[in-house]
Amino acid sequence: MISCTEFVLLYSELFKFIDKKEGKDGVMKYWEYISDTYVADLLGKAVEKEGLKGCWDYWSKSLNEEACDFKMTLDEEGNDFSIYMSGCPSKKLINEHAYMQPYEDYCGHCAILYDRVLRNYGIEMYDHDYSKVKDCKCVEHYRRMKK
Amino acid sequence: MAKLVMERKAADNKYLHRDFHISADNGVEYVGNKYGDDGVKEFLTQFAKAYFIPLIKEYKEKGLSAIKNYIENIYKIEEAENAIYINLTNTYLKIKVNYCPAVKYMKEQGKTPSKWYEMTTRVVYAELAKDCGLKFDMGAYDKETGATEYSFSL
């Protein structure tokens with residue numbers, strides 16, 4: 001068994017494996033596939049039912065179970081859902097296993113997986129800051145799209 | 001509606017996101033559908049070769065107890081100490097898996113593990129054994145529960 005606490009390292013190796021076979025385009029296709037299937041089934045259903053609040057519900061579970069260092073805000077009247085990640089445990093684990101030569105754009109999957117699903121339900125990532133992902137920090141802002 | 005704010009420190013929670021079992025199987029299944037059994041074997045061997053470098057080093061210093069401690073620990077992390085029975089001697093390490101907590105979780109979520117899932121044990125530990133210079137044997141695998149038996153021997 002590969003423990004769920006080792007998954008991130010398996011994921012990084014998966015991206016490397018696909019990249020070696022198909023290049024970065026193949027990795028992007030995988031991220032889109034996972035977004036359209038697995039993530040759509042979870043996050044998609046949450047926002048279909050609850051709108052922007054569905055983002056809050058979805059990430060309340062995952063960010064707590066992943067023991068993230070974070071702040072999350074939901075302002076439905078102000079049309080904003082934001083995640084301020086100040087300690088991503090996945091990226092921390094990747095950094096701690098530098099000897100594995102992790103996939104260089106490991107964090108790239110986050111930008112694809114979620115925004116792609118949310119757009120189907122009228123929600124978009126309208127701003128982000130990925131300039132410090134190497135230090136396990138990032139910021140994402142989501143809002144309802146204008147009709 | 002009032003503004004909602006949630007703030008957590010890493011120490012506030014235990015790192016145990018069991019949905020990652022499903023994500024792992026999704027990845028294995030994707031490779032299996034695209035590249036077949038050989039592709040899954042290649043992918044998991046690549047993972048094992050990279051990931052176990054420190055464990056192989058530890059095995060060379062401490063022997064089979066290093067592998068025992070590693071396996072014991074992942075079941076402890078998964079809160080499934082009762083899932084395995086371990087028998088360690090000077091010449092072999094035998095593990096009896098009564099059930100796999102990953103399979104149990106996936107089934108609880110309504111997900112049937114892919115036909116390649118057992119390779120996350122069979123291939124990964126075979127590569128670990130090979131890189132340690134050990135013999136690896138694994139018996140039948142129960143797809144319903146993940147129950148199996150395997151051994152590392154000198």
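All chains are named by letter (A, B, ...) in the order of the sequence lines, taking the proteins before the strands, and each is independently numbered beginning at 1. All values derive from a computational prediction rather than experimental measurement.
Interface summary for chain B: among A:L14, A:T37, A:L9, the most heavy-atom pairs under 4.5 angstrom belong to A:L14. Ranked by heavy-atom pairs under 4.5 Å with chain A, the first of B:A102, B:A48, B:A24 is B:A24. When the candidates B:P54, B:G146, B:C100, B:A11 are compared by the number of heavy-atom contacts under 4.5 Å with chain A, B:P54 comes out ahead. Ranked by heavy-atom pairs shorter than 4.5 Å toward chain B, the options A:W56, A:Y33, A:F81 are led by A:W56. Of the residues considered (A:D75, A:N64, A:D80), A:N64 shows the highest number of contacts with chain B, using heavy-atom pairs under 4.5 Å. Here A:K71 is the residue among A:K20, A:K71, A:H97, A:K61 with the most heavy-atom pairs under 4.5 Å with chain B. Between chain B and the residues A:G87, A:S3, A:S82, the most heavy-atom pairs under 4.5 angstrom are made by A:S3. When A:K16, A:E13, A:E77, A:Q101 are compared by the number of non-hydrogen pairs under 4.5 Å with chain B, A:E13 comes out ahead.
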* Asked: Which is it for B:R8 and A:L63 under the side-chain contact (heavy atoms from CB on, under 4.5 Å) test, yes or no, and what are the steps along the way?
  -> CA-CA 9 Å; B:R8 298 281 186 275; A:L63 298 187; over 6 Å; no
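Proximity to chain A (any heavy atom under 4.5 Å) is restricted, for B:Y30, to the side chain, taken from C-beta onward. In this structure, chain A has no heavy atom under 4.5 Å from any part of B:E118. Heavy-atom distances place both the backbone and the side chain of B:L16 under 4.5 Å from chain A. The part of B:E78 that comes within reach of chain A is its side chain, from C-beta onward, which places non-hydrogen atoms under 4.5 angstrom from that chain. For a residue to count as touching a neighbouring chain, one of its non-hydrogen atoms must lie under 4.5 Å from one of that chain's; by this rule B:K14 touches chain A with the backbone only. Neither the backbone nor the side chain of B:K49 comes within contact range of chain A; no heavy atoms are under 4.5 Å apart. If you measure heavy-atom distances from A:S62 to chain B, the contacts under 4.5 Å come from both the backbone and the side chain. With a threshold of 4.5 angstrom between heavy atoms, B:I71 does not approach chain A through any atom at all. Neither the backbone nor the side chain of A:I83 has a heavy atom closer than 4.5 Å to any heavy atom of chain B. B:D12 does not touch chain A: none of its heavy atoms, backbone or side chain, sits under 4.5 Å away. Neither the backbone nor the side chain of B:Y150 comes within less than 4.5 Å of any heavy atom of chain A. Neither the backbone nor the side chain of B:V103 comes within contact range of chain A, judged by heavy atoms closer than 4.5 Å.
Cluster membership for B:V97 and B:Y92, using ILVMFWY side-chain heavy atoms within less than 4.5 angstrom, is not shared.
Remark: A:K21 NZ is packed, more than 12 non-hydrogen atoms of other residues, nucleotides or ligands lying under 6.0 Å away. More than 12 heavy atoms of other residues, nucleotides or ligands lie within 6.0 Å of CD in A:E96, so this atom counts as buried by the packing criterion. Residue B:K60 qualifies as open at atom NZ: its count of foreign heavy atoms under 6.0 Å is 12 or below. Within 6.0 Å of NZ in B:K111 there are more than 12 heavy atoms belonging to other residues, nucleotides or ligands. Atom NZ of B:K41 is surrounded by 12 or fewer heavy atoms from other residues, nucleotides or ligands within 6.0 Å.
Under a 3.5 Å cut-off, the side chain of A:Y99 and the backbone N or O of B:Y51 do form a donor-acceptor pair. A donor-acceptor pair under 3.5 Å is absent between the side-chain atoms of A:T73 and the main chain of B:V5, judged by distance alone.
For the atom pair B:E7 CD and A:Y84 OH, the distance stands at 11.0 Å (nearest 0.5 Å). Residue A:I34 holds its CD1 atom at 7.0 Å from OG of B:S23, rounded to the nearest 0.5 Å. Separation of atoms CG (B:D25) and OH (A:Y38) is listed at 10.5 Å; rounding is to 0.5 Å. Distance check: A:E6 CD to B:T120 OG1 gives 10.5 Å after rounding to the nearest 0.5 Å. Atom CG of A:D41 and atom CD1 of B:I22 lie 9.5 Å apart (nearest 0.5 Å). Remark: B:H21 NE2 to A:C4 SG distance equals 4.0 Å, nearest 0.5 Å.
Aromatic ring orientation, A:F17 versus B:Y35: perpendicular (interplanar angle above 60°, classes split at 30° and 60°).
A:Y30 and B:N26 make their closest contact through OH-C, 4.1 Å (heavy atoms, listed as atom of the first residue, atom of the second, distance).
Shown here are the side chain to side chain contact (heavy atoms under 4.5 Å, CB included) partners of A:E76, two or more places apart in sequence or in another chain: A:L52, A:K53, A:L74, A:R144, B:M1.
Annotation: side chain of A:T5 is not in contact with side chain of B:F20 (no heavy-atom distance under 4.5 Å).
Residues of residues 115-136 of chain A lying under 4.5 angstrom from chain B, judged on non-hydrogen atoms, do not exist.
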